[in-house]
Amino acid sequence: MSIDEEKAATAAGPQEGVPGGPGAPAADAPAPGIASGAASPNGALGAAPKKPRRRGWIVAGVVVAVIVVAGAGFWVWHEQPSFCNAICHSPMDYYVETYDDGNPQLGVTAHAKADEACLDCHTAELTTQVAEVCAWVSDTYPMTEDGTMLATGKQFTSEEFCARPECHHAAGASFDEITANLWGFAGNDEKYNPHASHQDMALECGDCHKIHENQVLVCNECHDLTLPEGWEAPNAE
């Protein structure tokens, strides 16, 4: 190349293919195929930050919510009479049926009208429930001869059980107060009081007050007293 040609090339500027010419990569540009900030084959530039794993917490929250709602629903059902025979079946069928029957001769009808359920009177203690489950599984419930009722039901109809202060507010807050309000009961002569027995208190509450059976005025084994509404005389057919 002559001296004149070299001067002309210098004046035209850098050429393609010549270092510093057009198309030549800049000195500080990254090598082709390697993006700025991307990891190199040996991981020298570091990986992109990971997103937080929120999905696991959402699933756990949904599971907990379902368990809480299901538990609350089960507890509400547990308080209802329908729970008794749904779980224990045969021993409790009769009791739930009489609760829903609306028969005015049954003491349970008054409780049902007052929105009093089974567990309002029969406290669900853990030891009692475990014993009941064992009796049900082994089929050793003490039943009446006709197989409809629990033979031990009368144990509940005691003064301690029935005359509790939180019950029967209209009649009185204690057995003595209830008794004092029963002179001349059901329109009878003022000298008659079924709780003031002249049989040396030989009668028990359950002899007259029968929650899941017809209530019986035992006094009428000897007397001819007016029966309270929904009651019957002894040995009535």
Indicate yes or no: at least one non-hydrogen side-chain atom of D101 is less than 4.5 angstrom from one of E97. no
Pairwise side-chain contact, E116 with Y99, heavy-atom cut-off 4.5 Å (strictly under): no
Side chain of T144, backbone of M149: donor and acceptor closer than 3.5 Å? yes
Exam field: side chain D207 to backbone E204, donor-acceptor pair closer than 3.5 Å: yes
Shortest non-hydrogen contact from [X] to [Y]?
X: E221; Y: P234; answer: CG-CG, 3.4 Å
X: V218; Y: C208; answer: CG2-SG, 3.5 Å
X: N188; Y: T226; answer: OD1-N, 2.7 Å
X: A233; Y: V216; answer: C-CG1, 4.0 Å

If I take atom [atom1] from residue [X] and atom [atom2] from residue [Y], how far apart are they, to the nearest 0.5 angstrom?
X: K210; Y: T98; atom1: NZ; atom2: OG1; result: 14.0 Å
X: D120; Y: D115; atom1: CG; atom2: CG; result: 8.0 Å
X: M143; Y: E145; atom1: CE; atom2: CD; result: 12.5 Å
X: L217; Y: Y192; atom1: CG; atom2: OH; result: 11.5 Å
X: W231; Y: N220; atom1: CH2; atom2: CG; result: 11.0 Å
X: T148; Y: H212; atom1: OG1; atom2: NE2; result: 11.5 Å

Mind checking side-chain hydrogen bond (donor to acceptor under 3.5 Å, both in side chains) for S174 and listing every partner two or more places apart, or none if nothing turns up? none
Who are the side-chain hydrogen bond (donor to acceptor under 3.5 Å, both in side chains) partners of T127, not counting sequence neighbours? none
Identify, with sequence neighbours excluded, every residue that meets side-chain contact (heavy atoms from CB on, under 4.5 Å) alongside N214. N103, Q105, L106, E232
Run the ring-centre check on H195 versus F175 and record whether the distance is less than 6.0 Å. yes
Check the pair Y95 / V108 against side chain to side chain contact (heavy atoms under 4.5 Å, CB included), numbers first and verdict last. CA-CA 9 Å; Y95 295 96; V108 71; over 6 Å; no
For D146, look at atom CG and say whether over 12 heavy atoms of other residues, nucleotides or ligands are found less than 6.0 Å away. yes
Tell me who clusters with V130, hydrophobic residues only, linked when side chains sit under 4.5 Å apart either directly or through other members. L126
What pairs with H111 under ring-ring contact (aromatic ring centres under 6.0 Å, His included), at least two apart in sequence or on another chain? none
Do [X] and [Y] share a hydrophobic cluster (ILVMFWY, side-chain heavy atoms under 4.5 Å, transitive)?
X: L182; Y: L227; result: yes
X: V133; Y: L150; result: yes
X: Y141; Y: M92; result: yes

My understanding is that only residues two or more places apart in sequence, or in another chain, count here; which of them pass salt bridge (Lys or Arg N to Asp or Glu O under 4.0 Å) with D176? none
